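Because the structure is a prediction, the values reported are computed rather than measured.
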Amino acid sequence: MNKEELFKEIDDIKEHLYNEPLIKEYFRLANTIKNNKELNDLAKEIEFSKKNLVPSSSSKEDYEKELATYNYLKEKYNSNPLIVNFSMIKEQVKDLISEIKDIIQI
């Protein structure tokens, strides 16, 4: 197989992958999450809270309060149905890619 044929085969595999329902759902969810204002705002709150988690510059009580806020926000984000579904799909995509990688290495 020459280089041109190899690239053609790779393009065929890529096209087939992008037409797989699992991959389509992955990209659909990723785009939905990216454009979800509520999740974006929550992600910003999480980042802000994370930056405030500095144990040495605050009292233990303030740190624990901020840590509780951070944990609450993370739990709220991670329990959102879009994030839950995306996480499950993402794992399935990783498994699929791993299978493909194993096949290619044979």
Side-chain angles (χ1 to χ4, degrees):
M1 180 180 290
N2 66 33
K3 194 175 185 181
E4 200 171 286
E5 292 171 330
L6 177 63
F7 285 129
K8 168 82 171 91
E9 289 293 321
I10 291 170
D11 283 341
D12 289 346
I13 291 170
K14 178 182 166 186
E15 184 177 329
H16 179 73
L17 273 175
Y18 282 128
N19 287 318
E20 281 292 312
L22 180 68
I23 303 299
K24 285 182 177 183
E25 181 65 1
Y26 172 86
F27 284 114
R28 185 192 72 77
L29 285 170
N31 191 48
T32 301
I33 290 167
K34 178 182 170 187
N35 294 313
N36 185 296
K37 182 176 176 3
E38 178 186 343
L39 288 173
N40 287 328
D41 290 346
L42 194 51
K44 288 175 187 173
E45 286 182 63
I46 291 168
E47 275 304 307
F48 180 78
S49 182
K50 185 177 181 181
K51 288 178 183 176
N52 288 331
L53 284 175
V54 184
S56 61
S57 67
S58 57
S59 72
K60 184 176 179 180
E61 186 177 292
D62 289 343
Y63 174 78
E64 288 175 358
K65 185 177 178 182
E66 192 61 45
L67 180 59
T69 300
Y70 172 78
N71 288 332
Y72 168 77
L73 293 170
K74 283 287 283 186
E75 178 61 31
K76 185 175 178 182
Y77 182 88
N78 289 330
S79 65
N80 180 288
L82 285 172
I83 300 300
V84 170
N85 288 340
F86 183 71
S87 296
M88 290 184 338
I89 295 289
K90 186 176 176 181
E91 285 304 312
Q92 292 174 1
V93 168
K94 283 181 184 179
D95 292 344
L96 176 62
I97 291 171
S98 180
E99 286 179 36
I100 293 168
K101 181 182 171 190
D102 291 345
I103 290 168
I104 291 173
Q105 290 179 348
I106 294 177

Is it possible for you to say whether [X] and [Y] belong to one hydrophobic cluster, with membership spreading through side-chain heavy-atom contacts below 4.5 Å?
X   : Y   : result
F27 : F86 : yes
I33 : M88 : no
Y63 : Y72 : yes
I46 : L53 : yes
I97 : I89 : yes

Requested in this report: Report the residues that fulfil side-chain contact (heavy atoms from CB on, under 4.5 Å) with E45, sequence neighbours left out, ordered by chain and then residue number.
Outcome: L42, L73
Query - Between CG on residue L67 and NZ on residue K50, distance to nearest 0.5 Å - result: 12.5 Å
Query raised in the report: Salt bridge or not for E47 and K44, using N-O below 4.0 Å?
Result: no
Query - Test salt bridge (charged side-chain N to carboxylate O under 4.0 Å, His left out) applied to K51 - qualifying residues, sequence neighbours left out - result: none
Query raised in the report: With a 4.5 Å limit on heavy-atom distance, are the side chains of D62 and N52 in contact?
Result: no
Requested in this report: Give every residue pair that meets the side chain to side chain donor-acceptor pair (under 3.5 Å) criterion with at least one member in residues 14-35, sequence neighbours excluded.
Outcome: H16-E20, E25-R28, N31-N35
Query raised in the report: What are the two closest heavy atoms between N80 and L82, and how far apart are they?
Result: OD1-N, 2.8 Å
Requested in this report: For salt bridge (Lys or Arg N to Asp or Glu O under 4.0 Å), just list the numbers for K94 and E91, CA-CA rounded to whole Å, side-chain angles, deciding distance to a tenth of an Å, and then say yes or no.
Outcome: CA-CA 5 Å; K94 283 181 184 179; E91 285 304 312; 3.6 Å; yes
Requested in this report: Would you confirm whether S87, through its side chain, and I83, through its main-chain N or O, come within 3.5 Å as a donor-acceptor pair?
Outcome: yes
Query raised in the report: Do E64 side-chain atoms and E61 backbone N/O form a donor-acceptor pair below 3.5 Å?
Result: no
**Report entry** Atom CD of E4: over 12 foreign heavy atoms under 6.0 Å
**Finding:** no
